[in-house]
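Structure record follows, encoded as structure tokens.
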Amino acid sequence: MRILHIIPSVDTTQGGPIEGVNRMGEVLAGLGITQELLTLDPMGSPLAIEHKRTVHALGEPAPPGAGLIDRFRRWAHYSPVARDWAKLRVHDYDAVVVNSLWNYATRIARLSLVGSGIPYVVYPHGMLDPWFRRRYPIKHAAKQLLWWFNEGVLLRNADAVLFTCDEERRLARQTFFPYQVNERVVAYGAGAPPSADPEHEKAFRAMLPALGARRYLLFMSRIHEKKGCDLLIDAFATIAAKDSELDLVIAGPDQAGWCAALRAQAKSLGIADRIHWPGMLLAPVKYGALRGSEAFILPSHQENFGIVVAEALACGCVVLISDQVNIWREIAAAEAGLVKPDTLAGTTALLARFAALDTSQKAAMRKRAVILFAEQFDVRQAGLALAETLHDITQKKKLLSYK
């Protein structure tokens, strides 16, 4: 089987969808399924050229102007070249997987797939979460218009809309109208980490000389307002004096330019020297950072699946998360981590509850984390689930074509 992924970018700093495509691609290849990618990265993009799989990078260079049209084109990654390519080429594939919403890649998918007879599925990747409606009501109004003419049409005609957990599926029903989709919850997850190697943690600590051999909590994700970094800094300030040997590492790309304000916040609280900022961590260093941490913490206001949470579980981390991370129910049920609301009080309680655990309790939680990853969040299961779905929808289309 030959499939095409339509996705905005292969840039891993943009979030989890491309990481999921990459990891599941390894599983699909073992099942005889090849995948190619259509992206809106600029033609000749080094990221696309260096990618392990065939990438059709057909985006246009971002217009530099400050006008409304130029700003819209930058936001949407407008590319008629990619649109025309898709209309001509989607019939070369057995099925198409559309990743993410609210960008020009979704428009391309809508124009090339609806009514084409090509089997296709859509991963919303949390972009139907009602948190965005509450946080950005004006943007939501604009998205509702797009829903009527583009996204809603694309999803309504999809053979399946794939949700990575039941919580995502439940929340998606609350956001746009009319809501008519063929829902399917499929497994999702992360790749198994490499074997533990002391050199990985050594390389991580070498990036942060000021950290030295001190114990630390680890936040690892995009530095974005929805991730609750400001809550984390305030909460850490309340426990810093109680444990003078514990630091905080905030690792991730700063796409929104928020780091300066967060650093100023830490300075005003008198804990600037206790917080470390290594930027985005890549394998194998990120695995050293996870395994060397006291706990992984993510107090997000909205988090669809959270591949990084699955990676933390795989490394045997105690995970401290908010109840807005959509896999929180699974983690709480397995007692593989601690869960509290995405508020300052909740984040503070999360840290205090972790601090109250004794050594044996933490060790037991780490063991349960590894078991939970193996049973529910290993990417091999996700790849098998996607393969099963694609085979299912392609066979149904074939049967319909015979009638």
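Here the structure is a predicted model, which means the values were calculated and not measured. Atom set for the values below is all heavy atoms of this structure, side chains included, hydrogens, waters and symmetry mates excluded.
Here salt bridge (Lys or Arg N to Asp or Glu O under 4.0 Å) pairs that include residues 114-135, with residues two or more places apart or in two chains, are R135-E225. Here side chain to side chain donor-acceptor pair (under 3.5 Å) pairs that include residues 20-35, with residues two or more places apart or in two chains, are H5-Q35, E19-R23, N22-H51, R23-E26. Contacts classified as side chain to side chain donor-acceptor pair (under 3.5 Å) and involving residues 186-203 (residues at least two apart or in different chains) are given here: E201-R205. Here side chain to side chain donor-acceptor pair (under 3.5 Å) pairs that include residues 316-336, with residues two or more places apart or in two chains, are E167-R329. Residue pairs meeting the salt bridge (Lys or Arg N to Asp or Glu O under 4.0 Å) criterion with at least one partner in residues 176-185, sequence neighbours excluded, are R169-E183, R173-E183, R184-D392. Listed by first then second residue, pairs satisfying salt bridge (Lys or Arg N to Asp or Glu O under 4.0 Å) with a partner in residues 248-259 number zero, not counting sequence neighbours. The salt bridge (Lys or Arg N to Asp or Glu O under 4.0 Å) analysis of residues 94-113, with sequence neighbours excluded, yields no pairs.
To the nearest 0.5 Å, the span separating SG on C229 from CZ on F219 amounts to 3.5 Å. In this structure, L281 CG and K286 NZ are separated by 9.0 Å, a value rounded to the nearest 0.5 Å. A distance of 11.5 Å separates SG in C259 from CD in Q265, rounded to the nearest 0.5 Å. Between I233 atom CD1 and K267 atom NZ the span is 14.0 Å, to the nearest 0.5 Å. Atom CD1 of I327 and atom OG1 of T164 lie 8.5 Å apart (nearest 0.5 Å). To the nearest 0.5 angstrom, I118 atom CD1 is 11.0 Å from T394 atom OG1.
If you look at W85 and H56, their ring centroids are closer than 6.0 Å.
Residue S112 comes nearest to I108 through the heavy atom pair OG-O, 2.8 Å, listed as atom of the first residue, atom of the second, then distance. Closest approach of E168 and G126 over heavy atoms only: OE2-N, 2.9 Å. Between F163 and A172, the closest heavy-atom pair is CE2-CB, 3.6 Å. Between A310 and F373, the closest heavy-atom pair is O-CD1, 3.4 Å. The shortest non-hydrogen separation linking D166 to V185 is N-CG1, 4.0 Å. Here the closest heavy-atom approach between residue L218 and residue L290 is recorded as CD2-CD2, 3.7 Å.
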Would Y93 and E36 count as a side chain to side chain donor-acceptor pair (under 3.5 Å) if you check the C-alpha gap in whole Å, the side-chain angles of each, and the deciding distance to 0.1 Å? CA-CA 9 Å; Y93 301 89; E36 299 180 12; 2.6 Å; yes
F377 and F305: CA distance, side-chain angles, deciding distance, ring pair (Phe, Tyr, Trp, His ring centres under 6.0 Å) verdict: CA-CA 10 Å; F377 301 136; F305 176 86; 5.5 Å; yes
Going through the distances and angles, do L372 and I331 end up as a side-chain contact (heavy atoms from CB on, under 4.5 Å)? CA-CA 8 Å; L372 176 62; I331 290 170; 3.9 Å; yes
Hey, mind stepping through L248 and H276 against side-chain contact (heavy atoms from CB on, under 4.5 Å) and telling me if it holds? CA-CA 6 Å; L248 172 64; H276 310 272; over 6 Å; no
Between W147 and L154, is a side-chain contact (heavy atoms from CB on, under 4.5 Å) present by the stated rule, with each step listed? CA-CA 9 Å; W147 178 264; L154 176 70; over 6 Å; no
With ring pair (Phe, Tyr, Trp, His ring centres under 6.0 Å) as the criterion, how do H140 and F176 come out once you've worked through the C-alpha distance, each side chain's angles and the decisive distance to 0.1 Å? CA-CA 9 Å; H140 176 76; F176 295 98; 4.8 Å; yes
Pair T348-L344, side-chain contact (heavy atoms from CB on, under 4.5 Å): steps then yes or no: CA-CA 6 Å; T348 303; L344 177 56; 3.7 Å; yes
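Every ring-ring contact (aromatic ring centres under 6.0 Å, His included) that Y216 has, sequence neighbours left out, goes to F204. Residues meeting the salt bridge (Lys or Arg N to Asp or Glu O under 4.0 Å) test with R380, sequence neighbours left out: D378. Residues meeting the salt bridge (Lys or Arg N to Asp or Glu O under 4.0 Å) test with D84, sequence neighbours left out: none. When the salt bridge (Lys or Arg N to Asp or Glu O under 4.0 Å) test is applied to R291, no partner is found at least two apart in sequence or on another chain. For R89, the salt bridge (Lys or Arg N to Asp or Glu O under 4.0 Å) criterion is met by D92, not counting sequence neighbours.
Geometric assessment of K362 against the ring of F354 yields a positive cation-pi assignment under the 6.0 Å and 45° thresholds.
At least one side-chain heavy atom of W131 sits under 4.5 Å from a side-chain heavy atom of Y136. Between L37 and V10, some side-chain heavy-atom pair lies under the 4.5 Å cut-off. Put simply, the side chain of I6 does not reach to within 4.5 Å of the side chain of Y120, judged on heavy atoms. Here the side chains of T39 and L58 are not in contact, with every heavy-atom distance at 4.5 Å or above. Residues K227 and E303 form a side-chain contact, since some pair of their non-hydrogen atoms from C-beta on lies under 4.5 Å apart. Contact check for V96 versus I3: no side-chain heavy atoms found under the 4.5 Å cut-off. Between L386 and V186, the closest side-chain pair of non-hydrogen atoms is not below 4.5 Å. Looking at heavy atoms from C-beta onward, I275 lies in side-chain contact with W277 at the 4.5 angstrom threshold.
Using modelled atom types and a 3.5 Å distance limit, the side chains of Q302 and D342 yield no donor-acceptor pair.
For D41 (side chain) and S9 (main-chain N/O), no donor-acceptor pair under 3.5 Å exists by modelled atom type. Without hydrogens or angle criteria, Q180 side chain to R156 main chain gives no donor-acceptor distance under 3.5 Å. When atom types are taken as modelled, the side chain of Q381 and the backbone of E375 share a donor-acceptor pair closer than 3.5 angstrom. Judged by distance alone, with hydrogens and angles left aside, the side-chain atoms of W258 form no donor-acceptor pair with the main-chain N or O of D230 at under 3.5 Å. Remark: the backbone N or O of D358 is paired with a side-chain donor or acceptor of Q361 at under 3.5 angstrom.
Salt bridge annotation for R215-E245: absent, with no cationic side-chain nitrogen under 4.0 angstrom from a carboxylate oxygen. A salt bridge between E151 and K143 is absent, with no side-chain N of the basic residue lying under 4.0 Å from a carboxylate O of the acidic one.
Dense packing is recorded around CG of L145, with more than 12 heavy atoms of other residues, nucleotides or ligands lying under 6.0 Å away.
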